[in-house]
2 protein chains.
Amino acid sequence: MAATILVVEDDPSIRELLVINLESTGHRVIEASSAEEAEQLVTASLPDLILLDWMLPGRSGPQFAARLRENERTAEVPIIMLTARTDEQDRVTGLEMGADDYMVKPFSPRELVARIKAVLRRRKPQLTEDKVTVGSLVLDPVTHRVYANDETLVIGPTEFRLLHFFMTHPERVHSRSQLLDKVWGDHVFVEERTVDVHIRRLRSVLEASDHDSLIQTVRGSGYRFSATLT
Amino acid sequence: MAATILVVEDDPSIRELLVINLESTGHRVIEASSAEEAEQLVTASLPDLILLDWMLPGRSGPQFAARLRENERTAEVPIIMLTARTDEQDRVTGLEMGADDYMVKPFSPRELVARIKAVLRRRKPQLTEDKVTVGSLVLDPVTHRVYANDETLVIGPTEFRLLHFFMTHPERVHSRSQLLDKVWGDHVFVEERTVDVHIRRLRSVLEASDHDSLIQTVRGSGYRFSATLT
DNA sequence: GGAGTATTTCACACAATTGTGACAGTGATA
DNA sequence: TATCACTGTCACAATTGTGTGAAATACTCC
């Protein structure tokens with residue numbers, strides 16, 4: 001559950017408070033004091049989650065959120081809104097604008113951490129530390145291990161991330177470029193065929209326990225992880 | 001829902017705005033600043049949708065739209081008109097001229113994206129990722145699978161696209177050249193007989209589940225995909 | 001029924017895509 | 001420094017998909 005979190009908040013003391021709390025929970029934090037600054041950071045590297053103040057100088061929080069939702073690259077980044085208001089109407093507007101959750105200041109660090117965890121669990125399952133199970137295949141992010149039946153599989157870092165992504169996003173075709181974005185990371189430049197090689201490596205790890213058939217080639221489109229054969 | 005969109009707009013700043021928004025939504029964009037330039041681009045490669053400014057230097061937007069509608073090859077391309085005017089009369093004229101929708105400047109990027117999505121869904125259903133069902137035949141673009149009853153059919157890339165097109169455009173006759181345009185792509189140079197061969201291949205895939213009769217030959221005209229037997 | 005078309009079907013060359021093993025570079029570790 | 005695990009890329013092999021003629025079959029209209 002170690003995520004990169006962008007904090008957008010103009011009040012330095014509140015920002016500092018957030019940063020300290022988040023870092024102590026093991027997250028990596030980047031900070032912005034305005035929507036404009038935040039936008040630059042988002043362009044440079046995509047965070048896993050955004051904590052966004054409702055009231056910002058210049059462009060407002062909801063406006064910024066709406067803008068993120070319009071852009072395909074940023075549309076899926078979870079957003080938690082922070083507000084001083086208790087107005088129920090604002091809450092509705094915020095959620096309509098595409099926020100995933102909503103926190104009214106002042107909030108306890110415990111609440112903050114809990115909500116972040118909840119949102120990540122829903123929107124970025126591969127970031128959580130939950131065990132993932134597909135059939136008799138179990139992947140444990142905490143111990144960084146993969147079990148097939150009860151055997152432990154020996155698996156490299158990239159293959160681990162690839163398998164984790166597949167297991168948390170099964171039953172759909174992922175193109176090579178999508179896999180590069182999601183598993184290798186945004187803004188990474190490697191050959192698309194590199195995906196094939198790692199698929200191969202992952203398959204040969206899974207072969208030992210006959211799980212290699214879970215990774216299916218979809219000719220002309222990409223790869224699919226699926227429990228149902230064919 | 002990744003479409004190729006032609007933007008025809010003479011104001012460079014507005015054009016740039018449109019392009020950025022569209023590209024970030026995953027669309028491919030080509031640009032023209034005049035009707036003449038647009039016409040050349042359309043000749044070179046047919047876009048999936050055209051965003052057309054009402055006021056253009058030289059030939060006007062509505063004139064250009066009318067012209068597109070006259071040509072069989074371009075008659076079916078969806079058009080969204082952009083205008084600064086709010087005049088209701090213009091709106092009517094625009095729609096009469098063959099526009100599919102109409103946007104009054106200034107408009108929000110959100111509105112833009114939403115309208116494009118709506119128009120594509122109506123006019124180019126095979127670009128969306130919705131599951132398509134005809135009788136007991138189900139095609140799922142997300143997993144890239146076709147089910148007949150509960151069996152998964154093994155189907156090649158071209159046959160998949162062909163079936164997807166048929167299922168999203170049922171109950172009407174498609175000539176071989178229309179199929180080549182829509183399934184193979186505009187400006188692809190292959191023999192019309194090739195369609196027959198792929199129809200044959202698709203039919204033999206569907207034969208396994210007795211769905212081959214859905215594809216009907218219309219002598220002298222082409223093929224029709226129909227749930228109601230003739 | 002038969003001529004004249006229009007489709008269906010088949011086999012095959014070759015194109016395109018994917019699988020695979022080898023290799024060199026990189027960093028971390030001992 | 002030597003060793004080791006891991007990565008990305010390449011070349012080549014294996015596999016699968018594609019378009020085309022040509023022959024076989026079906027259909028339509030005298």
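Protein chains get the first letters and strands the later ones, always in sequence-line order, with residue 1 at the start of each.
In this structure, A/I215 places its CD1 atom 12 Å from P of C/dT20, rounding to the nearest Å. Rounded to whole Å, the distance from CG on A/L202 to P on D/dT7 is 12 Å. Rounded to whole Å, atom C1' of C/dA6 lies 15 Å from atom CD of B/E191. The interatomic distance linking A/I199 (CD1) with D/dG8 (P) rounds to 13 Å, in whole Å. The interatomic distance linking B/W184 (CH2) with D/dG19 (C1') rounds to 10 Å, in whole Å. The CD atom of A/Q216 sits 15 Å away from the P atom of C/dT18 (whole-angstrom rounding). Summarising the geometry, the separation between CG on A/L179 and P on C/dT18 is reported as 12 Å, rounded to the nearest angstrom. Distance B/H144 NE2 to D/dG17 P: 12 Å, rounded to the nearest Å.
With hydrogens and angles disregarded, no donor-acceptor distance shorter than 3.5 Å links the side chain of A/R224 to the backbone of A/R172.
Each of A/N149, A/D210, A/D150 was evaluated against A/S136; a single residue qualifies, A/N149, per the side-chain hydrogen bond (donor to acceptor under 3.5 Å, both in side chains) test.
Taking 4.0 angstrom as the limit, B/Y223 places none of its side-chain polar atoms (N or O) nearer than this to OP1 or OP2 of C/dA6. Contact annotation: B/R203 side-chain N/O to C/dT8 OP1/OP2 distance is under 4.0 Å. Side-chain nitrogen and oxygen atoms of B/T158 include none within less than 4.0 Å of the OP1 or OP2 phosphate oxygen of D/dG17. Here B/R193 reaches the OP1 or OP2 of C/dT7: one of its side-chain N or O atoms lies under 4.0 Å away. Residue A/T217 places at least one side-chain N or O closer than 4.0 Å to OP1 or OP2 of C/dG19.
Residue contacts for B/E192: at a heavy-atom cut-off of 4.0 Å it reaches no nucleic acid atom on any strand shown. A/F160 comes within contact range of no nucleotide atom at all, as no heavy-atom separation falls under 4.0 Å.
Closest to the B/R200 side chain, of the nucleotides D/dC10, C/dC10, C/dT7, is C/dC10. The side chain of B/P157 approaches D/dG17 more closely than any other nucleotide in the set D/dT7, C/dG19, D/dG17. In the set C/dG19, C/dT8, C/dT9, the nucleotide with an atom closest to the side chain of B/D196 is C/dT8.
For A/R219 and D/dT15, a side-chain-to-base donor-acceptor distance below 3.5 Å is present, hydrogens and geometry of angles not being considered. Counting atom types as modelled, A/R201 pairs no side-chain N or O with a base atom of C/dG21 as donor and acceptor under 3.5 Å.
Aromatic pair A/H174/A/F225: centroids not less than 6.0 angstrom apart. Ring-centre distance between B/H144 and B/F160: below the 6.0 Å cut-off.
Side chains of B/R73 and B/T43: no donor on one and acceptor on the other come within 3.5 Å.
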